[in-house]
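Remember, it's a predicted structure, so these values are computed and weren't measured experimentally.
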Amino acid sequence: TSMAVTWWGHSTATVEIGDTRVLTDPVLLDRLVHLRRRSASPSAAAARADLVLVSHLHLDHLHVPSLRRLPRGTPVVVPATGGELLAGLGLDVWEAVPGDRLRLAGLDVEVTGADHPASRHRWSRRTSQPLGFRVAGDRAFWFPGDTGPQADVTGVASVDLALVPIGGWGPTLGEDHLDPEQAAGLVARVGARWAVPVHWGTFWPVGLGRVAPGIRHHLFDTPGERFVDATEGSSTR
């Protein structure tokens, strides 16, 4: 069975296992609150999916306007309590917690936990444990969602592809995110034939590039190169 991946920016990617399309954390618009997309806009094909995986409740991951673009009846896996945010969209919503095993769109979905804040946003009382996913058919991939380095990956079996976050969208990112070097280490622990770094080089706060160009260079422009360097270093150990 063939396998292909298209990264649309941020944590949004389409993984094709044979004829089945799995879409992760869809953010399909170019503006998100104070953030502006600095990469190419996703094409209309990004909204075609047989299964959608949403890792956590944050506005730039469970993005209701983007989910509204999906065809009615599309299966969408969200963290527990997240289903209420999608009421009325006509989607086939599955709420999940770490440890769940689901069979959707002909694929086996193992749900894991992530090391990341649980609330919708800073002032929200809505919380839910952030998720990661291992998805398997004739091929398998691992998408840990947003996570810090304390994520427990001991139970995650090796995969063909890892979609791993390596950065973010601004200088406030802290211990609950992976930097490129930490991400490379986590991929090595899981074991993957290929790795695609996500959650970098897409959105950046309006005006911040002029104020802090050095910060943007480190957090926005260079994480991909640093991830490649770290991955090559891990493979030689």
Side-chain angles (χ1 to χ4, degrees), residues 5-17 20-37 39-98 100 102-107 109 111-114 116-135 141-147 163 165 168-169 196 198-200 202-203:
V5 59
T6 303
W7 180 44
W8 305 107
H10 206 49
S11 286
T12 307
T14 296
V15 180
E16 299 175 62
I17 301 177
T20 304
R21 295 169 59 91
V22 184
L23 178 64
T24 62
D25 285 357
V27 177
L28 306 178
L29 305 183
D30 292 337
R31 188 71 182 261
L32 180 65
V33 194
H34 65 301
L35 307 177
R36 180 178 297 167
R37 187 182 292 270
S39 62
S41 302
S43 73
R48 292 194 296 107
D50 301 295
L51 173 62
V52 178
L53 305 175
V54 175
S55 63
H56 62 290
L57 300 185
H58 286 174
L59 298 172
D60 58 326
H61 292 264
L62 198 164
H63 187 239
V64 175
S66 293
L67 291 164
R68 189 176 289 121
R69 296 187 173 194
L70 300 173
R72 296 177 68 86
T74 301
V76 180
V77 182
V78 299
T81 79
E84 297 175 10
L85 298 168
L86 305 183
L89 299 190
L91 301 171
D92 181 17
V93 178
W94 295 71
E95 292 191 349
V97 297
D100 283 350
L102 308 172
R103 178 74 177 175
L104 295 167
L107 300 172
V109 180
V111 184
T112 63
H116 202 64
S119 62
R120 175 85 166 137
H121 54 74
R122 184 178 302 174
W123 302 280
S124 176
R125 296 182 179 179
R126 184 186 298 276
T127 63
S128 187
Q129 169 65 46
L131 307 178
F133 304 94
R134 184 185 186 275
V135 181
F141 75 92
W142 172 59
F143 172 58
D146 260 12
T147 190
L163 298 174
W169 50 256
V196 174
V198 300
H199 204 267
W200 71 284
T202 305
F203 289 104

(request) Identify the heavy atoms of L23 and P26 that sit nearest to each other, and give their distance. (result) CD2-CB, 3.7 Å
(request) Working to the nearest 0.5 Å, report the span between OG1 of T112 and CG of D100. (result) 11.0 Å
(request) Would you name the heavy atoms of R37 and P42 that are closest together and state the gap between them? (result) CZ-CD, 3.6 Å
(message) Nearest 0.5 angstrom please: S43 OG to W8 CH2, how far?
(response) 3.5 Å
If you look only at distance, which donor and acceptor atoms sit under 3.5 Å apart when one is on a side chain in residues 90-97 and the other is two or more places apart or in another chain?
from: D92; atom 1: OD1; to: W94; atom 2: NE1; distance (Å): 3.3
from: D92; atom 1: OD2; to: W94; atom 2: NE1; distance (Å): 3.2
from: E95; atom 1: OE1; to: T81; atom 2: N; distance (Å): 3.3
from: E95; atom 1: OE2; to: T81; atom 2: N; distance (Å): 3.4
from: E95; atom 1: OE2; to: G83; atom 2: N; distance (Å): 2.9

(request) Assess whether side-chain hydrogen bond (donor to acceptor under 3.5 Å, both in side chains) is satisfied between D50 and T20, documenting all intermediate values. (result) CA-CA 6 Å; D50 301 295; T20 304; 4.8 Å; no
(request) Apply side-chain contact (heavy atoms from CB on, under 4.5 Å) to D60 and list each qualifying residue two or more places apart in sequence or on a separate chain. (result) H10, L32, H58, W169, H199
(message) I want to check something: taking the side chain as every heavy atom from C-beta on, are S11 and V27 in contact at a cut-off of under 4.5 Å?
(response) no
(message) So W7 and L163, do their side chains get closer than 4.5 Å, heavy atoms only?
(response) no
(request) Please name the residue in the list V54, V52, L51 that meets the side chain to side chain contact (heavy atoms under 4.5 Å, CB included) test with V77. (result) L51
(message) Could you tell me if the side chain of P79 sits less than 4.5 Å from the side chain of L57, heavy atoms only?
(response) yes
(request) Would you mind listing every side-chain hydrogen bond (donor to acceptor under 3.5 Å, both in side chains) that reaches into residues 64-74, with sequence neighbours excluded? (result) H63-S66
(message) Can you tell me how far apart CG (L62) and NE2 (H56) are? Round to the nearest 0.5 Å.
(response) 9.0 Å
(request) Please step through side-chain contact (heavy atoms from CB on, under 4.5 Å) for the pair L70 and L89, ending with a clear verdict. (result) CA-CA 9 Å; L70 300 173; L89 299 190; over 6 Å; no
(message) Is it the case that the side chain of T14 and the backbone of T6 share a donor-acceptor pair, with hydrogens and angles ignored and the cut-off at 3.5 Å?
(response) no
(message) Return the OG1 to NE2 distance between T12 and H61, rounded to the nearest 0.5 Å.
(response) 8.5 Å
(message) Assess, by modelled atom type and distance only, whether the side chains of S55 and D25 contain a donor and an acceptor separated by less than 3.5 Å.
(response) yes
(message) To check you understand the geometry: which heavy-atom pair defines the closest contact between F203 and L29, and what is its length?
(response) CZ-O, 3.6 Å
(message) If you apply the rule side-chain contact (heavy atoms from CB on, under 4.5 Å), what do you find for V15 with V135, and how did you get there?
(response) CA-CA 10 Å; V15 180; V135 181; over 6 Å; no
(message) Has R21 got a side-chain atom pairing as donor or acceptor with R48's backbone, closer than 3.5 angstrom?
(response) yes
(request) Taking all non-hydrogen atoms of both residues into account, name the closest pair between P165 and D146 and its distance. (result) CB-OD1, 4.2 Å
(request) Taking the side chain as every heavy atom from C-beta outward, state whether F143 and V22 have any atom pair closer than 4.5 Å. (result) no
(request) Looking only at non-hydrogen atoms, find the nearest pair between A47 and P71 and report the distance. (result) O-CD, 3.4 Å
